[in-house]
Amino acid sequence: MTRFPKQGAAMKQPEASVAPASNATAQRSATSVATGSVGQTSVPEQVKPQPKTVPLKSGKLPQIFRRLSAIGFNCASDGRYVNPSPGANIQEIAWGHDRIEDNCVWLVVTARKPFAYTAAALERFAQRRQVELERKLRLATEYWLRTVEPYIKDRPLRGAELYVALQGYDRLQFAAGRARDWNSTKERGCFAVPDEAFPDFGKEPFLEPQELCRDENLKPETLAAIAAPLIQNRAAKLTPSAVVGVAHELLMAAERYVKALPEKKHGIEELKELFDKGISTVTFGEIEASNKKSSGQLPLLPPVAQRRKGISEQEQGEKPLSVAAIREAVRRYLDEHTPRLTQEEYERDQEQTARLAKEGKLVMLGSGKTRTYQEWQSDNQKAIDDCMENNHISLTDLCALRRERFERRWEQRVAIAAKRKTPRRKPRNQRRENPPSSAASSPQTAGKPEKRPPTKTVKKISRAPAGRLP
């Protein structure tokens, strides 16, 4: 596990975002985008081809390359695809990785005729990117302020606490660095991440977590003296010789504690230590204990359940997860994040990895022995079974699970807040006025129905026909 770049570290990268393109092509593209010269025809087309930059997801590159090869484009040694036909409109296509988004690439398409709607397309892309970068920065900020910083303020850390806190802090710096990189590019146009979204890393509550390390000024005798009042009730009923024995035990425990503190590491040693810590495991019982309010520790997996009626959000957040709930959350996470590839997809991926390693574009770790599809599936299942049988999870997976749970809940709240609308008030002239309640008012003005006299019923008397009297 390698820590993410510090704030502004990503800005040290070269300004050009399209690496494999030729210098002339990249320069023409940058000039076109910056000055809006796309579409100018003052220079003959044969002398000054018109470039167009197109951002797209990196997963679409193989399909594009196969299509270009099928229609006759030649792949140059520097990665450009050149059209052998001099009379064709599109002359060449170069590509390069984007330095802000990992799964995005840029295509520089050079053509004889100018492209239409280039500025509008780049503006739409800049708007989408600004929204996404700001969303990620605000999410990382909320994650730090809600789930990490309140539990570690003014307190040095070690072990799992330190690893989880550093992961949250590095994520925040990484998101801020990406947003600052975007604001410094020419492609952003008028769509920049606002300044108020950036945290101030030099002030609270955005100070870097501190590691609890060995200090030459920390003496075991000092720790023993501090701990003595904590067991005063225990020593009150002991004899003087027994009290001395308790004091000796405190001093020995303090000496062992001081010796166990790690020394401050720097550079490669620090990265190696963080890597080893990331692949180490923490038990479900330790996670449950850290979640309790009385632990005084950073909760390793705080609850993020839906809000219930009659229970405040603070009370619900303070209720720790049980071991069974932690186990279920870990099982669900491992099932969702285990790769689900077909045998054809796995073998194609292995072939591509071997080719890149042979070309020197990929560094292979381990023995380099290729695993079969069945062995790969078995290893994935063994990793899940190991976590479930031994009731533990690696710190790297725990941090990813912790962030994912918070992100889902945060996005749900944002969506609910966006859908919540205040009821529309009717215009004043359309409001219904209350009817008068005066006793002198008529039934019509009082809003009462008018009383009507009861209808009289006439009883019919049956008479016998004439001439038929009894």
Side-chain angles (χ1 to χ4, degrees), residues 1-4 57-59 62 102-103 143 147 159-161 163-164 166-168 170-171 271-291 299-305 320-358 361-409 411-412:
M1 195 283 300
T2 303
R3 291 188 63 180
F4 291 107
K57 297 298 182 181
S58 58
D102 295 333
N103 61 342
Y143 177 80
T147 70
E161 278 190 299
Y163 188 87
V164 174
L166 286 177
Q167 284 284 309
D170 289 341
R171 285 279 175 177
L271 295 178
K272 182 178 181 300
E273 183 180 6
L274 286 172
F275 178 82
D276 295 338
K277 196 64 181 177
I279 62 178
S280 64
T281 59
V282 58
T283 65
F284 297 162
E286 293 172 341
I287 297 175
E288 181 192 29
S290 70
N291 290 344
L300 299 180
L301 194 62
V304 289
L321 296 175
S322 63
V323 173
I326 296 172
R327 179 185 178 88
E328 177 61 22
V330 171
R331 184 199 61 78
R332 189 185 308 114
Y333 170 81
L334 295 177
D335 287 341
E336 291 177 355
H337 291 269
T338 299
R340 309 294 181 186
L341 301 177
T342 64
Q343 184 170 357
E344 181 181 358
E345 292 172 340
Y346 175 78
E347 292 176 353
R348 183 169 61 247
D349 183 70
Q350 292 295 309
E351 292 176 358
Q352 182 180 6
T353 302
R355 185 181 70 256
L356 293 176
K358 186 177 180 180
K361 300 179 180 180
L362 181 67
V363 178
M364 297 291 293
L365 300 177
S367 61
K369 182 180 179 181
T370 304
R371 293 181 297 173
T372 64
Y373 179 70
Q374 290 73 20
E375 292 174 343
W376 174 75
Q377 283 186 318
S378 177
D379 292 343
N380 289 337
Q381 188 60 43
K382 286 180 180 179
I384 298 177
D385 295 341
D386 176 68
C387 292
M388 295 297 99
E389 292 175 0
N390 298 303
N391 292 325
H392 65 196
I393 182 175
S394 70
L395 280 176
T396 301
D397 289 336
L398 176 64
C399 290
L401 169 60
R402 195 177 191 271
R403 290 193 306 269
E404 185 177 284
R405 284 164 57 87
F406 178 84
E407 182 175 357
R408 288 180 179 178
R409 181 58 181 150
E411 289 181 345
Q412 289 175 359

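Heavy-atom basis, side chains included; hydrogens, waters and symmetry copies ignored.
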Do [X] and [Y] come within less than 4.5 Å of each other through their side chains, counting heavy atoms only?
X    : Y    : answer
N391 : T283 : no
L301 : R405 : yes
Q350 : R371 : no
S394 : I279 : no

To the nearest 0.5 Å, what is the distance between [atom1] on [X] and [atom2] on [Y]?
X    : Y    : atom1 : atom2 : answer
T342 : Y373 : OG1   : OH    : 6.0 Å
F406 : T147 : CZ    : OG1   : 6.0 Å
R340 : Y346 : CZ    : OH    : 15.0 Å
H337 : L401 : NE2   : CG    : 8.0 Å

Donor-acceptor contacts under 3.5 Å from residues 381-388 side chains, at least two apart:
from, atom 1, to, atom 2, distance (Å)
Q381, NE2, D385, OD1, 3.0
D386, OD1, N390, ND2, 2.6
D386, OD2, H392, NE2, 3.0

| request: Please answer whether the main-chain N or O of Q374 pairs with a side-chain N or O of Q377 as donor and acceptor at a distance below 3.5 Å. | output: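 No: the side chain of Q377 does not pair with the backbone of Q374.
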| Would you say the side-chain atoms of E375 pair up with the backbone N or O of T372, donor to acceptor, closer than 3.5 Å? | yes
| task | Verify side-chain contact (heavy atoms from CB on, under 4.5 Å) between L300 and I287, making sure each step is shown before the conclusion. | result | CA-CA 6 Å; L300 299 180; I287 297 175; 4.2 Å; yes
Decide, yes or no, whether a salt bridge links [X] with [Y] under the criterion of side-chain N to carboxylate O below 4.0 Å.
X    : Y    : result
R408 : E404 : yes
E351 : R348 : no
E336 : R332 : no

How close do [X] and [Y] get, heavy atom to heavy atom, and via which atoms?
X    : Y    : result
L395 : K277 : CD1-O, 3.3 Å
I393 : V330 : CD1-CG1, 3.8 Å
F284 : V323 : CB-CG1, 4.1 Å
P303 : L321 : CB-CD2, 3.9 Å

| task | For R402 and Y143, test the side chains for any donor-to-acceptor distance below 3.5 angstrom and give the result as yes or no. | result |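 Short answer, yes.
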| said: Could you check whether S280 and Y163, counting side-chain N and O atoms only, form a donor-acceptor pair closer than 3.5 Å? | reply: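 No, no side-chain donor-acceptor contact under 3.5 Å.
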